[in-house]
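Working notes for the structure below.
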Amino acid sequence: NAGVTQTPKFQVLKTGQSMTLQCAQDMNHEYMSWYRQDPGMGLRLIHYSVGAGITDQGEVPNGYNVSRSTTEDFPLRLLSAAPSQTSVYFCASSSSGVGGNTEAFFGQGTRLTVV
Amino acid sequence: AQSVTQPDIHITVSEGASLELRCNYSYGATPYLFWYVQSPGQGLQLLLKYFSGDTLVQGIKGFEAEFKRSQSSFNLRKPSVHWSDAAEYFCAVDPSNYQLIWGAGTKLIIKP
């Protein structure tokens, strides 16, 4: 079982560049989400999706875009990278609810550095 | 606003000793409560969760947690830690069906 797959694992961007972080899950989960993890701050929700074609903003959405054209994929786009977006990004999926009474499955993360 | 506090940034424990990691939450009702573990360079894995009922919850890897409503706490315990338990531990609260509120994490260091 692949679970939740994120690519790339590491990325260095220059300020102003754009890129897409990929996330795919093979568990047929309806709910998917993107978090960023910064030292001493836990995880903060960027965007989430409750199904194909439906997305919404989380706590820290500025500078990021998402779409959900299929159940399996939930890419995160950085429109114009800034040093403040240097972070570790995690994609998660669950069968019912981003939180809720079900387990969230996480990818292994993408470490992004913006210089 | 809802919040989760893990007051210990680092904890150092000798191998074989007992462990307790603290978690306090601020929320009007009783939320769903979770503990996740993150091994170095890895994603997060669910250790255990509390929804209702028995306030002592058993999880994987020999961990347990106790929900205390009066103290708004959900502390994680293990009677005897192993070197492989060295990781970062996150407490999380679910005040709705769409978002987890996370604590800042506690890094567990195991002394041989």
Side-chain angles (χ1 to χ4, degrees), chain A residues 1-7 9-10 21 23-25 27 29-51 54-61 87-111, chain B residues 1-10 21-27 29-53 57 59-61 63 67 74 87-107:
Chain A
N1 275 343
V4 179
T5 303
Q6 287 184 238
T7 55
K9 284 191 167 49
F10 301 93
L21 308 185
C23 176
Q25 53 94 5
M27 297 172 282
H29 285 167
E30 289 296 321
Y31 293 78
M32 297 185 73
S33 54
W34 276 101
Y35 290 88
R36 59 178 290 172
Q37 183 181 31
D38 300 295
M41 299 189 73
L43 281 78
R44 292 181 292 169
L45 183 65
I46 304 171
H47 285 285
Y48 65 94
S49 169
V50 301
I54 307 169
T55 64
D56 207 345
Q57 296 180 352
E59 181 186 356
V60 288
S87 188
V88 181
Y89 291 84
F90 287 99
C91 179
S93 75
S94 60
S95 57
S96 63
V98 172
N101 62 353
T102 58
E103 178 178 357
F105 292 84
F106 286 81
Q108 293 205 324
T110 296
R111 187 173 294 273
Chain B
Q2 299 98 4
S3 65
V4 177
T5 302
Q6 293 180 248
D8 304 304
I9 298 173
H10 299 99
L21 302 182
R22 296 182 289 164
C23 173
N24 293 93
Y25 65 90
S26 169
Y27 184 61
T30 299
Y32 298 142
L33 298 159
F34 304 82
W35 274 99
Y36 280 80
V37 60
Q38 184 180 29
S39 298
Q42 301 295 311
L44 288 89
Q45 181 185 22
L46 180 68
L47 281 177
L48 47 77
K49 56 192 176 188
Y50 171 80
F51 306 136
S52 63
V57 180
I60 63 171
K61 305 186 181 188
F63 284 91
F67 168 60
F74 189 54
E88 192 156 17
Y89 292 81
F90 292 91
C91 181
V93 160
D94 170 28
S96 72
N97 207 33
Y98 299 111
Q99 181 167 341
L100 284 170
I101 308 294
W102 295 82
T106 298
K107 187 166 287 189

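The structure presented is a predicted model; accordingly, all values stated were derived computationally and were not measured. Order of the sequence lines sets the chain letters (A, B, ...), proteins ahead of strands, with each chain counted from 1.
- In terms of heavy atoms, A/L43 sits closest to B/W102 at O-CD1, 3.3 Å.
- For B/I9, no part sits under 4.5 Å from any heavy atom of chain A, backbone or side chain.
- Residues meeting the side-chain hydrogen bond (donor to acceptor under 3.5 Å, both in side chains) test with B/T106, sequence neighbours left out: B/Q6.
- In this structure, B/L100 CG and A/E59 CD are separated by 12.0 Å, a value rounded to the nearest 0.5 Å.
- Note: A/F106 CZ to B/Q38 CD = 9.0 Å, rounded to the nearest 0.5 Å.
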> Can you list the steps and then say if B/I101 with A/L45 is a side chain to side chain contact (heavy atoms under 4.5 Å, CB included)?
Replying inline: CA-CA 8 Å; B/I101 308 294; A/L45 183 65; over 6 Å; no
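- Most heavy-atom pairs under 4.5 Å with chain A: of the set B/G105, B/C91, B/G103, B/G43, this distinction falls to B/G43.
- For A/Q6, no part sits under 4.5 Å from any heavy atom of chain B, backbone or side chain.
- A 6.0 Å sphere centred on CZ of A/R44 holds more than 12 heavy atoms belonging to other residues, nucleotides or ligands.
- Under the ring pair (Phe, Tyr, Trp, His ring centres under 6.0 Å) criterion, A/F90 pairs with no residue at all, not counting sequence neighbours.
- Put simply, CZ on A/F105 and CD on B/Q45 are 9.5 Å apart, with the number rounded to the nearest 0.5 Å.
- Atom CD of residue B/E88 and atom CD of residue A/Q37 lie 6.5 Å apart, to the nearest 0.5 angstrom.
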